[in-house]
Asks: 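A single structure is presented below for examination.
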Amino acid sequence: MRIGLITVLAGILMAACGSTAAPTGLPEESEPATAVPGDPAVYAERDPRNSRLLKMMEELPLSFKEEGVWFTDFARARELAGAPQPGTLTEFLALSEDEREAYQTASQGLAPGPGLLGAIRGDVSEWEQNFGFTRINVAVAVSTGELRPEAAPLEAAYLIGEFDQAKLRQRLLDIGYLETSPDGVTYYDAPRLDLNTTRSNPLAAIAFTAMKRVVIGEGTLAFSGVQLINLLPSFPRVSLGEVPSLNDDTAFYELAASMRNPLSAALLTRSMVLEPDAARPPRYEKPEGWGDLHQWEALGIGYGISGGIP
C-alpha cells in the first residue's frame with residue numbers, strides 16, 4: 001500500500017464515514033489568507049460539482065472500492081503552478097531548465113500515479129516510440145492502492161490523456177496481445193510472460209506484467225495486472241448504468257465531496273488501512289488535542305491548493 005502518502009497527508013485532511021452514514025451538508029471552510037472575500041474563483045474550486053475526483057469516480061465501478069483508490073490530477077496541478085504542459089517527450093526536452101523545474105515542482109505532494117509510469121522511467125523514449133504514450137501524456141490518473149512499488153501486477157489503473165490509439169493498438173498486436181470483443185467492448189489480453197521475453201524484449205515484459213488486460217478508449221486508457229484483470233469488464237458497464245459507480249457508495253462519496261476539488265487523494269477501506277496485505281500497518285501517533293475516532297468505514301486523504309495555499 002502507498003502508505004507513505006497517508007503518513008504525509010493525514011494532517012492535511014482526514015474524514016471518515018460510518019457504514020450507516022447518510023449524505024450530509026459540506027463543512028464550513030474559512031477563507032484563505034490570500035483570497036478576496038466573495039471571489040467566484042475561490043468558491044468555484046471548492047464546489048464539489050467541479051471536483052474531477054468525483055467525475056472520475058462516476059466512471060469507475062464500485063468494485064474498485066475494495067482495492068483502494070489513488071487519484072492524481074497532473075494537468076490541473078501544472079495549471080495552478082503556471083508550469084508548461086508539453087504533449088510529447090520531444091516538447092518536454094525542448095523546455096528550458098527553469099521550465100523543466102517548474103514542471104517537476106508542480107507534482108510535489110501528489111500521488112505518483114500507476115506503477116507502470118514509474119516502471120518505464122528508464123526507457124521512456126523507447127516506450128513512447130513503441131506504445132505512443134508516457135507520463136507526459138497523462139492528465140489524470142486513478143489506480144488501485146493495495147500494492148508495493150515493485151508489485152505492479154496487483155494494480156488496476158484508469159488514465160485520461162492524449163494517447164496515440166493506433167500506435168498503441170498496433171504495438172500490442174505486434175507483441176502478441178489477443179484482441180477480443182466478448183461483450184461489445186474490445187479488450188487486449190497479453191500472452192503469458194516467459195523468460196525468453198524477459199531477456200529479449202524488456203519493454204514487452206513490462207507491458208505483459210503491468211498491462212495484462214488493456215482497454216483503449218477515446219482519450220482514455222484502462223489496464224490491469226493479472227490479479228485484478230476482472231475489474232476491467234465493469235468499466236464500460238458503468239457508463240451504461242448497468243453496474244454502480246464509486247459515487248454510489250455513501251462513505252466514498254462523502255469523503256470525496258468533503259475534499260472539494262483535490263489535486264490528489266486516497267480513498268481506502270478500514271481493512272486496507274489497518275490490515276494491509278502488501279505492507280505493514282501504519283504507525284500512528286495522535287496529535288495533541290485530537291479526540292477519539294470511533295468505529296469508521298473508510299479513510300479519505302486529500303491534497304490540494306486553495307487561494308494559492310497548499
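Sequential numbering from 1 along the given sequence is applied to the chain's residues.
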Asks: Is there a side-chain contact between Ile206 and Trp127, using heavy atoms and a 4.5 Å cut-off?
Replies: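 Answer yes - side chains close enough.
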Asks: Can you tell me if Ser51 uses its side chain to pair, donor with acceptor, with the backbone of Arg260 under 3.5 Å?
Replies: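 Indeed, once roles are kept as given, a pair shorter than 3.5 Å links the two residues.
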Asks: How many angstroms lie between CD in Glu218 and CD1 in Ile160, if you round to the nearest 0.5 Å?
Replies: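 Going from CD on Glu218 over to CD1 on Ile160, the span is 12.0 Å.
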Asks: Pair Thr269, Ser271 - check side-chain hydrogen bond (donor to acceptor under 3.5 Å, both in side chains), show working.
Replies: CA-CA 5 Å; Thr269 64; Ser271 62; 3.3 Å; yes
Asks: Please check if the side chain of Asn247 supplies one atom and the backbone of Leu54 the other of a donor-acceptor pair under 3.5 Å.
Replies: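 Yes.
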Asks: Thinking salt bridges, do Arg52 and Glu58 make one under a 4.0 Å N-O criterion?
Replies: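 Judged by the 4.0 Å cut-off on N to carboxylate O distance, Arg52 and Glu58 do not form a salt bridge.
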Asks: Using 0.5 Å steps for rounding, measure from the OH atom of Tyr103 to the CZ atom of Phe74.
Replies: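 The OH atom of Tyr103 sits 8.5 Å away from the CZ atom of Phe74.
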Asks: Taking the side chain as everything from C-beta on, heavy atoms only, tell me whether Thr72 gets closer than 4.5 Å to Val140.
Replies: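 No - every pair of side-chain heavy atoms lies 4.5 Å or more apart.
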Asks: When you measure from the centre of the six-membered ring of Phe223, is the NZ or CZ of Lys212 closer than 6.0 Å and no more than 45° off the axis?
Replies: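 No, Lys212 does not sit over the ring of Phe223.
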Asks: May I ask you to test the Ser125-Gln129 pair for a side-chain heavy-atom distance under 4.5 Å?
Replies: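 Ser125 vs Gln129: side chains touch.
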Asks: Do Asp123 and Leu203 come within less than 4.5 Å of each other through their side chains, counting heavy atoms only?
Replies: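 Contact flag for Asp123/Leu203 side chains = yes.
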Asks: To the nearest 0.5 Å, how far apart are CG in Leu93 and CD1 in Ile136?
Replies: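 Result: 7.0 Å between the selected atoms.
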Asks: Do Thr144 and Phe64 have side chains that get closer than 4.5 Å, going by heavy atoms?
Replies: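 Yes, side chains in contact.
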Asks: Take Phe208 and Tyr177, measure what ring pair (Phe, Tyr, Trp, His ring centres under 6.0 Å) needs, and give me the verdict at the end.
Replies: CA-CA 9 Å; Phe208 292 174; Tyr177 276 74; 5.7 Å; yes
Asks: At what distance, to the nearest 0.5 angstrom, does CG of Leu60 lie from NZ of Lys55?
Replies: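 Nearest 0.5 Å value for the CG-NZ distance: 14.5 Å.
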Asks: After noting the C-alpha distance and the side-chain angles of Tyr188 and Arg213, does the key distance pass the side-chain hydrogen bond (donor to acceptor under 3.5 Å, both in side chains) rule?
Replies: CA-CA 6 Å; Tyr188 298 89; Arg213 172 169 286 175; over 6 Å; no
Asks: Can you tell me how far the CG atom of Leu168 sits from the CG atom of Leu221, to the nearest 0.5 Å?
Replies: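 Between Leu168 CG and Leu221 CG, I get 6.0 Å after rounding to 0.5 Å.
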Asks: Take Leu299 and Leu267 through the side-chain contact (heavy atoms from CB on, under 4.5 Å) test and state the conclusion after the steps.
Replies: CA-CA 6 Å; Leu299 172 70; Leu267 296 169; over 6 Å; no
Asks: Take Glu126 and Asn130 through the side-chain hydrogen bond (donor to acceptor under 3.5 Å, both in side chains) test and state the conclusion after the steps.
Replies: CA-CA 6 Å; Glu126 292 83 356; Asn130 282 272; over 6 Å; no
Asks: How about Leu255 and Glu297: do any of their side-chain heavy atoms sit closer than 4.5 Å?
Replies: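 Side chain of Leu255 against side chain of Glu297, heavy atoms only: no contact under 4.5 Å found.
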Asks: Of all the heavy-atom pairs spanning Gly219 and Phe163, show the shortest one and how long it is.
Replies: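 Shortest heavy-atom contact: O-CE1, 3.9 Å.
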Asks: Please check: side-chain N/O of Arg171 versus main-chain N/O of Ala166, any donor-acceptor pairing under 3.5 Å?
Replies: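 Judged by distance alone, no pair lies under 3.5 Å.
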Asks: Would you say Thr186 and Val215 make side-chain contact, with heavy atoms under 4.5 Å?
Replies: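 They are not in side-chain contact.
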Asks: Which atoms form the tightest heavy-atom contact between Asn137 and Thr134, and what is the distance?
Replies: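 In this case the closest contact between Asn137 and Thr134 is OD1-N, 2.8 Å.
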Asks: Above 12 or not: heavy atoms from other molecules or residues under 6.0 Å from CD of Glu101?
Replies: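 No - once you tally the heavy atoms of other residues, nucleotides and ligands closer than 6.0 Å, there are 12 at most.
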Asks: Which residues satisfy the salt bridge (Lys or Arg N to Asp or Glu O under 4.0 Å) test with Asp292, sequence neighbours excluded?
Replies: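 If we apply the salt bridge (Lys or Arg N to Asp or Glu O under 4.0 Å) test to Asp292, skipping adjacent residues, the hits are Lys286.
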Asks: Heavy-atom distance under 4.5 Å between the side chains of Pro262 and Ser264, does that happen here?
Replies: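 No - every pair of side-chain heavy atoms lies 4.5 Å or more apart.
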Asks: Please say whether more than 12 non-hydrogen atoms of neighbouring residues, nucleotides or ligands are located less than 6.0 Å from CD in Glu162.
Replies: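 No, because the 6.0 Å sphere around CD of Glu162 holds 12 heavy atoms or fewer from other groups.
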Asks: Begin with the C-alpha distance, continue with both residues' side-chain angles, and end with the deciding distance and a verdict on side-chain hydrogen bond (donor to acceptor under 3.5 Å, both in side chains) for Tyr187 and Glu179.
Replies: CA-CA 6 Å; Tyr187 302 96; Glu179 183 180 74; over 6 Å; no
Asks: Please list, chain by chain and in numerical order, all residues satisfying side-chain contact (heavy atoms from CB on, under 4.5 Å) with Leu117, sequence neighbours excluded.
Replies: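 Expected list: Pro114, Arg135, Val138.
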Asks: Roughly how far, to the nearest 0.5 Å, is CE of Met57 from NZ of Lys65?
Replies: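 One finds 9.5 Å between NZ of Lys65 and CE of Met57.
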